[in-house]
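A note on names: the letters A, B, ... follow the listed sequences, proteins ahead of strands, and every chain is numbered from 1. This is a predicted model, so every value here is computed, not measured.
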There are 2 protein chains.
Amino acid sequence: MIDRKSSIPYYCQLMEIVRQQIAAGMLKEGQRTPSEFEFSSAYRVNRHTVRQAIGELCRAGVLYKLRGRGTFVAKPPVDLVEYRLSPKNRFTENIRQSGRTPGSRLLAWQEVTAPVQVAEALGLTADERVYVLDVLRLVNGQPFLFSKVYLPAGRLPELADRVADFRSLSVIYDAYGLSPQRVKSVFRASFPGQEETAALDIPANLPVLKVESVLKTQDDVLIEYSVACYRGDFAKISVDW
Amino acid sequence: MIDRKSSIPYYCQLMEIVRQQIAAGMLKEGQRTPSEFEFSSAYRVNRHTVRQAIGELCRAGVLYKLRGRGTFVAKPPVDLVEYRLSPKNRFTENIRQSGRTPGSRLLAWQEVTAPVQVAEALGLTADERVYVLDVLRLVNGQPFLFSKVYLPAGRLPELADRVADFRSLSVIYDAYGLSPQRVKSVFRASFPGQEETAALDIPANLPVLKVESVLKTQDDVLIEYSVACYRGDFAKISVDW
DNA sequence: ATAGGGATCTTGTCTAGACATCCACATTCG
DNA sequence: CGAATGTGGATGTCTAGACAAGATCCCTAT
């Protein structure tokens, strides 16, 4: 119940109550919470006060709201997956080694003129064409990372045919007899963009780890530029020296 | 002005107005904005509507509020600093090479029994003693990273004396004739903890990049475990392979 | 059977007003 | 001169009530 004599604001008290109800299992993951009106009458506070409490809990990632449907308990953060990054590593094997099930989906692809930073990273001329692949990778069926992969069209002839029946990037490279190596990776922490929140199915306020990589072939030809976006609450990336 | 016929909520319109005023230079960095009451009467909307707009802009990092003082325009995000991480690199030289001015401050230190994850990482027994150094590193005078550095007391005799007149970690290692190498680094994106928000002087909702590192001496003795917390809007970390 | 139209429940936005709390500054009292 | 006090202005919290808009379900008319 709300302590009306406490110096703690009602909405903070209510937040604490909801948190405890979740911890105690009275409210379970994915389950609908009482409506704002129900909270309001149950705890004898104004609906706006309830909204303030729920709003804060949503921003904290504890709850989420669906307009017209109700408010729900968010999924608890998943187990951290340690992803070992090395010059030569493949997502599928990497995840399998940690005893989990990898997955890969091509969400979209197109051929475009290379954006500036891509052309720069791969040493392309300004008007060169690149393929852009939007790839989603899953771990145990859950979205793990979303990446935009840029491949220079000029260096990979007939790529369109290979992309058609996409299974994984490795398969495509194998078809060309290539086994690319990482040249450089850049790590950043930020919030996800719109595309990334949609692809990873995460709230916009969840921090993500962005990793920008450049890969080359065994002949030192730059062959891939990619920006990967990892769920901050899901992934940690390790590097051995 | 607020368009009363628009389907866009007033508070969203007001957010856009404030953003544009900042972009146009009518409101400058650090400057106080009109008060909630002034906004309210200037745009003929309720103070709560103003509060909603300002609240959103604060969460977005555009403004910040000081109770009893007013609302202010936040500093624009600083230039990204690319920090090159390699097995053997020193903060000071690293930053200097990029044409910026490095700084280092020891905020606190103490001797404690090694926490579990530290003992594990460094291969210590459960009751071994470690020094914990809270180090803040600056770039151009601004907080760049905050790290907790754990050094095994048993492997660095008389460390307390060296810590007393701290200038930088490198200096301490030099005094022992050591030049440690990175063994492993783990990257994560998350929100800062309380200690980190305070040390870096950042809001709690700014994503940070956490890097956990293990270092060894040239004789393959594990000598340092550290957790560094980089400002997400300030730092990007690059790794060459 | 199915498409359409409410009824109803949900969250979203907005207004009006009140009092609390904190801060900076000026004034007053010792 | 210095400390305490007061005052005005700022944000913080809370209430009461209203209407809008999205989602779901059921019932009805075709």
Any N/O donor-acceptor pair, B:Arg47 side-chain to C:dG17 base, under 3.5 Å: no
is_close_aromatic(A:Tyr150, A:Tyr131), centroid dist under 6.0 Å: no
Side-chain donor-acceptor contact under 3.5 Å, A:Ser226 with A:Ser213: no
Distance-only side-chain donor-acceptor flag, B:Ser147 / B:Arg137, under 3.5 Å: no
Nearest-neighbour nucleotide for the A:Asn46 side chain, D:dA16, D:dC14, C:dC14 considered: D:dA16
Candidates D:dA21, D:dG12, C:dT13 - which lies nearest the side chain of A:Arg67: D:dA21
Presence of B:Arg44 side-chain N/O under 4.0 Å of C:dT15 phosphate oxygens OP1/OP2: no
Listed nucleotide nearest any side-chain atom of A:Glu38, set D:dG22, C:dT10, D:dC14: C:dT10
Mutual orientation of the aromatic rings belonging to A:Phe91 and A:Phe144 [parallel < 30°, tilted 30-60°, perpendicular > 60°]: tilted
Quiz item: B:His48 side-chain donor-acceptor pair to C:dG17 base, under 3.5 Å: yes
Side chain of A:Ser35 (C-beta onward), nearest among C:dG12, D:dG12, C:dT10: C:dT10
Nucleotide nearest B:Lys65 (side chain, heavy atoms from C-beta), chosen from D:dA16, D:dT11, C:dG17: D:dT11
Per A:Arg69 side chain, nearest of listed nucleotides D:dA23, C:dC14, D:dT11: D:dA23
Sugar-phosphate, base or nothing in reach of A:Tyr10, heavy atoms under 4.0 Å: sugar-phosphate
